[in-house]
Amino acid sequence: MPDTTNNPNRKTWLQVSKDSDFPIQNIPFGVFLTRDDIITIGTRIGDYAIDLGALHQLGYFEGIPLTDDIFLQDSLNDFISDGKKTWRLVRNRIGDIFDIENPALRDNENHRNIALFTLNEIEMQLPVQIGDYTDFYSSKEHATNVGTMFRGADNALMPNWLHIPVGYHGRSSSIIPTNIPIHRPQGQTMPENATTPVFGPSKLVDFELEMAFITTDANLLGEPIPIDEAEDYIFGMVLFNDWSARDIQKWEYVPLGPFLAKNFASSISPWIVTMDALLPFKVDNVQQDPEPLPYLKSDEKMNYDIHLEVDITPKDGEATTVTKSNFKYMYWTMAQQLAHHTINGCKVNSGDMMGSGTISGPTPDSYGSMLELTWRGEKPIQMKDGTERKFINDYDTVTIRGYCKNEQVRIGFGDVSTQLLPVFKK
Ligand code: MN
């Protein structure tokens, strides 16, 4: 089943601005509430949200084996379970429906009124019910920077890091879509030179610039996923802000790793961009030395060129872009992460989410967290409004944007934007 949606010359009858993240070549998937308070699965072209449940009822997916209610659900899990062949058929069909030459929906005002929404008429929801969430630690620059700060330059990279895509099991209950404010967490920290911990609001709340991929049902318990098949089980990707409390993290992380410093919130962009849409942006993997063990080794290109940037916007203030990074800096690929995750037989389900880990580039203006950008607060960032930031202040909004771009087409993720509120009070 070839992909026909990525044809860069295809045009749509919908109005789409030239710099849109969502041209007809993208066709992401999401879940939204409509103006009538109905929840549905949809896609987006330009600034239109398209109700796939309505289009299916109107017969536009005829000939594709889909259950009647596949899009009339509050999550994409069942659709993702249908597998790659079905994702492609549906995405190709959506491309056809909105092709400038196709009059079927273009010239049917009644159907257009039923299926098309402007963005201010809808409210985006979490696109999947996330069963399990795993966070990796796969940027060498990030691991080196953090290791240097926490353990010194001589012990920056742990001996396992160049051999294993290191990760931990996170918590899915606190993964939220864009535009949901969160509260500053409180907890235990050990102040510098103190001998007993104190309790209070975290003073070092940080973002982590990450992306996450969403899997389909991939294997049976006990059955590893071979590396060269791993990408077939990845539905798509979102932007991912893995909020972190650095002072809580420093005190609690020994010996089992992150816990309360990481599980109070992680925010995602609401449109899942499919791996098919990202195909034109595959780039060479980062050269790995030492060579990984055979189950992690592949000659295929499995890395992606995705521009990433982060803004901090103070309350009623102007946005300051604090970093520009790129997904291509990842040392371990998603395929390696998934192959490693399942090599022991761990089962992966539809709707599982795997975070990349903070994506830091090689230069100090491409680091993926405030911890690194300000080097633990030693070098504050100058904001456009004249204030300084070491970490994230109350009422700041953190926004991550991401997009791929070549001479012919731009495929973007939109953004994930989250405001930090003061500590929760009853
Ligand atoms: Mn993380």
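For this chain, numbers begin at 1 and follow the sequence in order.
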### Query
Step by step, would you call Trp161 with Trp332 a side chain to side chain contact (heavy atoms under 4.5 Å, CB included)?
CA-CA 10 Å; Trp161 200 93; Trp332 295 105; 4.0 Å; yes

With distance as the sole test, does [X] use its side chain to make a donor-acceptor pair with the main-chain N or O of [Y] at under 3.5 Å?
X      : Y      : result
Gln336 : Leu296 : yes
Asp396 : Asn393 : yes
Thr178 : Ser417 : yes
Ser244 : Asp242 : yes
Asp385 : Glu318 : no
Asp21  : Ile411 : no

### Query
Between Phe29 and Phe79, is the ring centre distance below 6.0 Å?
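Centroid distance Phe29-Phe79: below 6.0 Å, so yes.
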
### Query
Looking only at heavy atoms, what is the nearest atom pair of Thr215 and Met354, with distance?
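For Thr215 and Met354, the tightest heavy-atom pair comes out as CG2-CE, 4.2 Å.
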
#### Entry: Asp78: side-chain contact (heavy atoms from CB on, under 4.5 Å) partners, not counting sequence neighbours
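So Asp78 forms a side-chain contact (heavy atoms from CB on, under 4.5 Å) with Ile70, Gln73.
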
### Query
Counting only heavy atoms not in Glu388, do more than 12 sit closer than 6.0 Å to its CD atom?
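Check passes, neighbour count above 12.
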
### Query
Any ring-ring contact (aromatic ring centres under 6.0 Å, His included) pairs touching residues 356-397, not counting sequence neighbours?
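Pairs touching residues 356-397 that pass the test: none.
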
